[in-house]
Amino acid sequence: ANTWLEGYVPYAVSDKEVFAAVNSNTRYRINVFDFSGKLKYAIEKEYEKVEFAQWELDNVNKMLGYSRSKKRKYRKGYKPIKDKYKKVINAMYYDKKGRLWVCSSMKRSKEDRHSFWVDMFKDGVFLNRFKIKGFVGDDYYKHILDSLYFKGDKIYLLVTPMALVRGYEY
């Protein structure tokens with residue numbers, strides 16, 4: 001499907017490498033480059049395509065200014081998102097301990113829709129998937145609006161729509 005996120009490529013940077021996700025809805029792959037742009041290796045993980053629930057598409061389109069209601073007009077120049085499957089990787093971060101944090105899409109229930117899940121890698125090896133309590137995450141679009149920043153012993157969460165910054169120790 002043609003969406004405004006087709007050109008969005010999640011990435012992270014360490015002191016030695018650049019990690020760039022393959023923009024896909026079927027393949028979990030992260031290409032790892034040196035600073036001259038040479039591909040060093042790829043991180044791959046098993047992944048099963050995840051279909052959007054209608055309530056998720058409704059939330060995405062509401063956030064973008066659309067509605068399924070015929071009373072509300074579409075934002076000029078954009079069309080509502082109609083993708084069937086979610087993008088595999090939504091965001092990536094690199095921390096002070098040399099670990100790559102990957103936020104990948106998953107099948108979500110309405111109860112679990114805002115949970116913040118992370119796939120953790122070290123030196124290209126998958127370590128674990130875990131949920132961070134207190135953090136809010138959604139598949140597909142949330143990580144474009146909200147960003148994590150790792151500085152020293154803290155993680156800073158910037159919540160763009162609310163102009164809010166929260167700091168957490170890790």
Side-chain angles (χ1 to χ4, degrees), residues 1-53 56-57 59-61 63-64 78 81-108 112-132 134-151 154-161 165-166 168 170:
N2 296 338
T3 69
W4 62 280
L5 286 178
E6 282 299 316
Y8 174 69
V9 177
Y11 69 93
V13 180
S14 75
D15 59 342
K16 296 181 266 182
E17 300 168 319
V18 177
F19 304 86
V22 171
N23 190 352
S24 171
N25 59 13
T26 60
R27 190 174 184 196
Y28 192 118
R29 182 182 169 109
I30 300 162
N31 290 325
V32 183
F33 300 93
D34 64 19
F35 287 131
S36 68
K38 180 180 175 189
L39 180 65
K40 292 176 69 176
Y41 62 96
I43 299 169
E44 294 187 313
K45 185 175 177 295
E46 211 171 292
Y47 183 81
E48 189 172 320
K49 287 194 321 187
V50 179
E51 196 168 337
F52 273 108
E56 290 175 302
L57 283 177
N59 285 344
V60 170
N61 288 321
M63 187 270 308
L64 293 172
Y78 293 96
I81 303 282
K82 294 181 182 177
D83 294 19
K84 183 171 182 167
Y85 295 101
K86 299 177 184 183
K87 292 294 181 194
V88 177
I89 298 174
N90 300 298
M92 296 191 302
Y93 309 96
Y94 194 83
D95 73 11
K96 68 178 182 180
K97 296 179 181 179
R99 301 175 301 193
L100 182 65
W101 298 41
V102 179
C103 300
S104 61
S105 291
M106 57 191 296
K107 186 170 183 166
R108 293 180 180 264
D112 191 37
R113 68 180 166 210
H114 297 300
S115 296
F116 191 97
W117 287 90
V118 172
D119 297 337
M120 184 76 68
F121 294 87
K122 174 85 174 167
D123 299 324
V125 177
F126 177 71
L127 300 176
N128 199 5
R129 171 178 265 194
F130 58 93
K131 180 168 64 171
I132 303 177
F135 279 41
V136 176
D138 292 301
D139 296 342
Y140 200 71
Y141 67 92
K142 182 69 172 174
H143 299 286
I144 295 172
L145 296 177
D146 299 349
S147 297
L148 291 180
Y149 298 94
F150 292 79
K151 296 291 178 191
K154 294 198 179 209
I155 300 173
Y156 294 94
L157 175 63
L158 170 63
V159 183
T160 306
V165 176
R166 293 185 178 139
Y168 302 90
Y170 82 104

task: Applying side-chain contact (heavy atoms from CB on, under 4.5 Å), run through Met92 and Leu100 and close with a yes or a no.
output: CA-CA 7 Å; Met92 296 191 302; Leu100 182 65; 4.3 Å; yes
query: Would you say Ser104's side chain and Val88's backbone share a donor-acceptor pair under 3.5 angstrom?
result: no
query: Do the charged groups of Asp95 and Arg99 touch, with an N to O distance under 4.0 Å?
result: yes
message: Walk me through whether Cys103 and Phe116 qualify under side-chain contact (heavy atoms from CB on, under 4.5 Å).
response: CA-CA 8 Å; Cys103 300; Phe116 191 97; 3.8 Å; yes
query: How long is the span from the NZ atom in Lys107 to the CD atom in Glu48, to the nearest 0.5 Å?
result: 9.0 Å
Reported CG-to-CH2 distance for the pair Asp119 and Trp117, which is rounded to 0.5 angstrom: 10.0 Å
query: What distance separates Leu127 CG from Phe121 CZ, expressed to the nearest 0.5 Å?
result: 8.5 Å
- line: Between Phe52 and Asp83 the two heavy atoms that sit nearest each other are CD1-O, 3.5 Å
- prompt: Val32 and Val18: side-chain contact (heavy atoms from CB on, under 4.5 Å), yes or no, with the steps?
  reply: CA-CA 6 Å; Val32 183; Val18 177; over 6 Å; no
- prompt: Parallel, tilted or perpendicular: which describes the rings of Tyr93 and Phe150, with under 30° parallel and over 60° perpendicular?
  reply: tilted
task: Quick one: which residue pairs count as a ring-ring contact (aromatic ring centres under 6.0 Å, His included) with a foot in residues 19-45, not counting sequence neighbours?
output: Phe19-Tyr94
query: Sequence neighbours excluded, which residues qualify as side-chain hydrogen bond (donor to acceptor under 3.5 Å, both in side chains) partners of Asn25?
result: none
- request: Identify whether the distance between the nearest side-chain nitrogen and carboxylate oxygen of Lys86 and Glu56 falls below 4.0 Å.
  value: yes
Nearest non-hydrogen partners of Lys122 and Lys97, listed with the distance: NZ-O, 2.7 Å
message: Show the nearest heavy-atom pair for residues Ser115 and Arg108, with the distance to one decimal.
response: O-NH1, 2.9 Å
message: If I compare all heavy atoms of Ala20 with all of Val9, which pair ends up nearest, and what's the gap?
response: CB-CG1, 4.4 Å
- prompt: Hey, what do you get for OG (Ser24) to OH (Tyr47), rounding to the nearest 0.5 Å?
  reply: 8.5 Å
statement: Here the gap from Met120 atom CE to Phe126 atom CZ, rounded to the nearest 0.5 Å, amounts to 10.0 Å
statement: Between Arg29 and Asn31, the two heavy atoms sitting closest are NE-OD1, 2.7 Å
- request: Report the C-alpha separation of Val118 and Val102 in whole Å, then their side-chain angles, then the decisive distance to 0.1 Å, and conclude whether the side-chain contact (heavy atoms from CB on, under 4.5 Å) test is met.
  value: CA-CA 5 Å; Val118 172; Val102 179; 5.9 Å; no
task: Drop me the distance from Asp112's CG to Lys131's NZ, to the nearest 0.5 angstrom.
output: 5.5 Å
